[in-house]
Amino acid sequence: MLDIRYIRENPDEVKTRLETKNSVIDIDKLLQLDIDKRKLLGETEELKAERNKATQMIAQLKREKQDATESITKTREIGDKIAVLDGRIRELDVDIREIMMSMPNLPHKSVPVGKSEKDNVTVKEVGEKRDFNFKVLDHIELTEKHGIMDFKRASRMSGAGFPLYLGKGAQLERALINFMLEFHIKNGYTEVIPPIVALPIAMEGTSQLPKLKDDMYHATRDDLYLVPTGEVTITNIHREEMLNVADLPINYTGYTPCFRREAGSYGKETKGLLRVHQFNKVEMVKFTKPETSYAELEELLKRVEDILSELKIPYRVLELCTGDLSFGAAKCYDIETWSPAEDKYLEASSCSNFEDFQARRMNIRYRPEPKAKPEFIHTLNGSGLATSRLMVSLLEHYQNEDGSITVPEVLRKYTGFDVIK
RNA sequence: GGGGAAUUGGCUGAGAGGCUUAAAGCGGCAGUUUGCUAAACUGUUGAAGGGGCAACCCUUCCGCAGGUUCGAAUCCUGUGUUCCCCGCCA
């Protein structure tokens with residue numbers, strides 16, 4: 001959520017910056033509602049001050065055992081007027097809130113302006129794409145060959161898009177998760193195992209709601225959503241809290257399954273692991289002071305890069321343009337790993353700074369100095385990383401001519417084997 | 001699934017329709033005293049919104065949302081969360 005006062009004071013700037021995010025929000029309407037509301041607020045507050053004085057007098061009359069009937073009748077009339085005004089203010093508030101909640105975050109000034117993913121900027125390409133002197137198998141052929149994944153059986157029990165890992169496939173998946181978790185713990189992150197369902201209010205906090213409602217699994221009977229990312233529950237750890245400045249930055253890492261309906265995306269990348277309804281992810285979440293959040297964003301990116309370097313998998317880093325930024329992000333890097341069989345890069349991580357956008361929705365604040373006013377903290381998160389597409393790149397990149405798959409060296413102490421054959 | 005209890009500021013916790021403008025303590029801040037620190041003592045210290053050039057003024061907020069009332073932290077209804085008991089269960 002944006003600061004209404006900032007919108008009031010800089011309406012044209014807000015409009016321009018929202019336009020670069022392909023957002024159609026009627027700022028003029030919002031500001032008019034805001035003006036109307038404040039006018040009524042002034043009127044009702046004046047009446048309330050009057051009523052407060054009047055009820056005090058009634059209290060005094062009663063204490064002195066005098067008749068207060070006349071005052072009560074008069075005060076009731078004031079109360080009736082207040083009820084009317086408050087009713088109208090409440091209606092305006094509903095309208096204002098609806099607009100505010102559906103308004104995306106403003107892009108940071110450093111973000112390249114662009115319309116779509118075509119305008120994203122490649123920051124760097126790292127690692128060497130292997131030169132295969134044999135016919136490369138894709139990840140589906142490889143997993144079938146070794147019986148380490150079974151998409152057919154999985155779809156019989158859960159429908160398409162829910163992977164089943166078997167044997168060394170399951171072990172490799174778990175090795176990746178362990179490797180990444182321990183990597184983050186070594187770098188000062190605190191591991192958490194959060195719930196993977198969340199209340200609507202938590203989903204609003206991290207801004208999956210209202211926009212992504214149709215993309216999430218929803219247990220209607222209990223009104224709980226399955227998390228599309230660990231970000232939701234990990235960031236909501238500190239909802240409605242006043243954080244201690246000495247504790248900042250707070251760094252969490254956690255493994256969670258993630259669930260996405262991917263509504264409307266059928267026909268696109270439906271093969272194997274490329275786009276699935278359930279996948280595993282190790283998430284990083286940060287709570288920082290406003291002045292350090294952009295340095296922390298670079299730190300997140302570095303963690304992802306270091307992991308891919310240790311795994312020795314080629315990747316590239318994209319800086320998302322304004323039009324491709326997610327709803328709540330002010331700035332975002334996507335990290336994509338190379339798939340030799342698909343002959344393209346696959347998105348395996350994205351690192352975002354939300355500035356105070358989520359903190360304002362969740363009411364997470366800190367006091368910069370002992371006596372200072374509370375301020376909203378900044379939140380960031382990055383996938384470090386999602387395993388599904390990383391697994392595609394890993395299997396394909398590490399395949400050998402005889403069809404066997406070498407286990408990356410750093411994973412061997414977690415798998416207990418060094419080749420799948 | 002059934003029954004009961006709780007929910008108050010950064011934290012603990014009083015408070016049961018009007019002398020609450022939310023007690024008290026802790027913590028924070030400032031000062032006094034003291035070789036330094038600590039302790040003790042004194043003072044000060046909630047949040048959000050609106051108005052004013054300003055000192056300042058007004059309103060709202062006791063989990064959340066409604067309601068009753070001239071007036072609600074307090075009464076009523078719904079609901080979130082937490083805890084306890086019974087049942088079921090890994």
Side-chain angles (χ1 to χ4, degrees), chain A residues 1-9 30-98 100-101 193-205 209 218-225 232-233 236-248 250 287 289 356 359-377:
Chain A
M1 198 156 54
L2 300 178
D3 184 355
I4 183 78
R5 272 174 302 189
Y6 189 82
I7 303 172
R8 240 180 247 154
E9 285 158 23
L30 174 68
L31 290 176
Q32 190 55 51
L33 290 170
D34 180 54
I35 288 168
D36 294 347
K37 178 194 152 180
R38 275 186 295 156
K39 182 166 166 287
L40 294 179
L41 208 54
E43 290 173 25
T44 191
E45 282 179 2
E46 222 168 279
L47 287 171
K48 280 175 183 170
E50 214 178 296
R51 181 178 67 182
N52 286 344
K53 286 205 189 91
T55 55
Q56 266 171 6
M57 212 168 71
I58 293 168
Q60 198 183 338
L61 287 174
K62 292 250 179 180
R63 253 180 270 125
E64 291 166 2
K65 308 253 191 264
Q66 294 186 44
D67 181 48
T69 317
E70 199 185 326
S71 296
I72 289 175
T73 313
K74 260 173 69 185
T75 311
R76 184 180 293 144
E77 282 167 25
I78 300 175
D80 291 344
K81 284 187 207 164
I82 291 172
V84 172
L85 289 174
D86 277 353
R88 278 160 66 191
I89 289 170
R90 214 177 302 143
E91 286 168 25
L92 287 169
D93 263 335
V94 169
D95 294 344
I96 290 169
R97 192 185 135 80
E98 195 188 315
M100 291 296 287
M101 288 300 278
I193 302 179
I196 56 173
V197 295
L199 296 166
I201 195 165
M203 288 293 174
E204 280 179 1
L209 283 179
H218 184 211
T220 51
R221 194 164 169 178
D222 300 292
D223 199 14
L224 288 167
Y225 290 88
V232 175
T233 40
N236 269 282
I237 287 174
H238 293 298
R239 199 162 68 83
E240 299 290 344
E241 283 185 28
M242 183 81 80
L243 301 181
N244 192 337
V245 64
D247 296 335
L248 300 176
I250 297 173
F287 300 82
K289 294 186 224 175
D356 63 5
R360 187 171 274 117
R361 287 172 166 239
M362 290 183 288
N363 197 25
I364 306 179
R365 297 172 297 167
Y366 80 112
R367 229 182 268 282
E369 303 287 336
K371 293 204 125 184
K373 281 210 152 255
E375 278 184 39
F376 292 110
I377 50 98

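Heavy-atom basis, side chains included; hydrogens, waters and symmetry copies ignored. Chain identifiers are assigned alphabetically (A, B, ...) following the order of the sequence lines, protein sequences preceding nucleic acid strands; residue numbering begins at 1 within each chain. The shown structure was predicted, so the numbers you read here are calculated from the model rather than taken from an experiment.
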Hunt down the Watson-Crick or G-U wobble partner of [N], both distances under 3.5 Å, from any strand shown, or write none.
{"N": "B:A5", "value": "B:U82"}
{"N": "B:U69", "value": "none"}
{"N": "B:A30", "value": "B:U42"}
{"N": "B:C88", "value": "none"}
{"N": "B:U74", "value": "none"}
{"N": "B:U59", "value": "B:A48"}
{"N": "B:C11", "value": "B:G25"}
{"N": "B:A54", "value": "none"}

Counting only side-chain N and O atoms of [X], is one of them less than 4.0 Å from OP1 or OP2 of [N]?
{"X": "A:Arg365", "N": "B:G10", "result": "no"}
{"X": "A:Arg90", "N": "B:A65", "result": "no"}
{"X": "A:Asn52", "N": "B:U60", "result": "yes"}
{"X": "A:Arg76", "N": "B:U69", "result": "no"}

* Asked: More 5' along RNA chain B: A:Ile58 or A:Lys37, using each one's nearest nucleotide?
  ->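 Closest to the 5' end, via its nearest nucleotide, is A:Lys37.
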* Taking the nucleotide of RNA chain B with the closest heavy atom to each, which residue, A:Lys48 or A:Arg38, is nearer the 5' end? -> A:Arg38
Inter-nucleotide [atom1] distance ([N], [M]), Å rounded:
{"N": "B:G3", "M": "B:G78", "atom1": "P", "answer": "12 Å"}
{"N": "B:G63", "M": "B:A47", "atom1": "C1'", "answer": "15 Å"}
{"N": "B:U7", "M": "B:C64", "atom1": "P", "answer": "13 Å"}
{"N": "B:A72", "M": "B:G15", "atom1": "C1'", "answer": "13 Å"}
{"N": "B:A40", "M": "B:A54", "atom1": "P", "answer": "41 Å"}
{"N": "B:C88", "M": "B:A73", "atom1": "C1'", "answer": "38 Å"}
{"N": "B:A22", "M": "B:G17", "atom1": "C1'", "answer": "16 Å"}
{"N": "B:U42", "M": "B:C26", "atom1": "P", "answer": "11 Å"}

Base, sugar-phosphate or nothing for [X]? Non-hydrogen atoms, less than 4.0 Å.
{"X": "A:Thr75", "value": "sugar-phosphate"}
{"X": "A:Arg5", "value": "sugar-phosphate"}
{"X": "A:Ala54", "value": "nothing"}
{"X": "A:Lys74", "value": "nothing"}

Given atom [atom1] of [X] and atom [atom2] of [N], what is their separation to the nearest angstrom?
{"X": "A:Glu240", "N": "B:G80", "atom1": "CD", "atom2": "P", "result": "17 Å"}
{"X": "A:Ile364", "N": "B:G10", "atom1": "CD1", "atom2": "C1'", "result": "16 Å"}
{"X": "A:Ile4", "N": "B:G50", "atom1": "CD1", "atom2": "C1'", "result": "14 Å"}
{"X": "A:Arg51", "N": "B:C58", "atom1": "CZ", "atom2": "C1'", "result": "14 Å"}
{"X": "A:Lys373", "N": "B:G49", "atom1": "NZ", "atom2": "C1'", "result": "10 Å"}
{"X": "A:Met242", "N": "B:G28", "atom1": "CE", "atom2": "C1'", "result": "12 Å"}
{"X": "A:Asn236", "N": "B:G80", "atom1": "CG", "atom2": "P", "result": "17 Å"}
{"X": "A:Asp86", "N": "B:G66", "atom1": "CG", "atom2": "C1'", "result": "13 Å"}

* To do: Please check if atom CD in A:Glu46 has more than 12 non-hydrogen atoms from other residues, nucleotides or ligands closer than 6.0 Å.
  =>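 At most 12 heavy atoms, drawn from other residues, nucleotides or ligands, come within 6.0 Å of this atom.
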* For atom CD of A:Glu241, is the number of surrounding heavy atoms from other residues, nucleotides or ligands below 6.0 Å larger than 12? -> yes
* **Salt-bridge criterion met for A:Lys39 and A:Glu43 (N-O under 4.0 Å)** => yes
* In terms of side-chain geometry, is the basic nitrogen of A:Asp86 or A:Lys48 positioned less than 4.0 Å from the acidic oxygen of its partner? -> yes
Looking only at side-chain atoms of [X], point me to the closest of [options].
{"X": "A:Arg367", "options": "B:G18, B:A47, B:C58", "result": "B:A47"}
{"X": "A:Arg8", "options": "B:G10, B:G50, B:G18", "result": "B:G50"}
{"X": "A:Lys62", "options": "B:U59, B:G49, B:C70", "result": "B:C70"}

* So, the side chain of A:Thr55 versus the backbone of A:Asn52: is there a donor-acceptor pair under 3.5 Å, distance only? -> yes
* Asked: Taking only residues two or more places apart in sequence or in another chain, which ones pass side chain to side chain contact (heavy atoms under 4.5 Å, CB included) with A:Ile196?
  ->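 So A:Ile196 forms a side chain to side chain contact (heavy atoms under 4.5 Å, CB included) with A:Val227, A:Thr256, A:Pro257, A:Phe259.
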* Contact summary for A:Glu204 and A:Arg97, nearest pair of heavy atoms ->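 Heavy atoms only, the tightest pair is OE1-NH2, 3.2 Å.
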* Are A:Arg76 and A:Glu70 close enough, and set up right, to give a salt bridge (Lys or Arg N to Asp or Glu O under 4.0 Å), and what steps lead you there? -> CA-CA 10 Å; A:Arg76 184 180 293 144; A:Glu70 199 185 326; over 6 Å; no
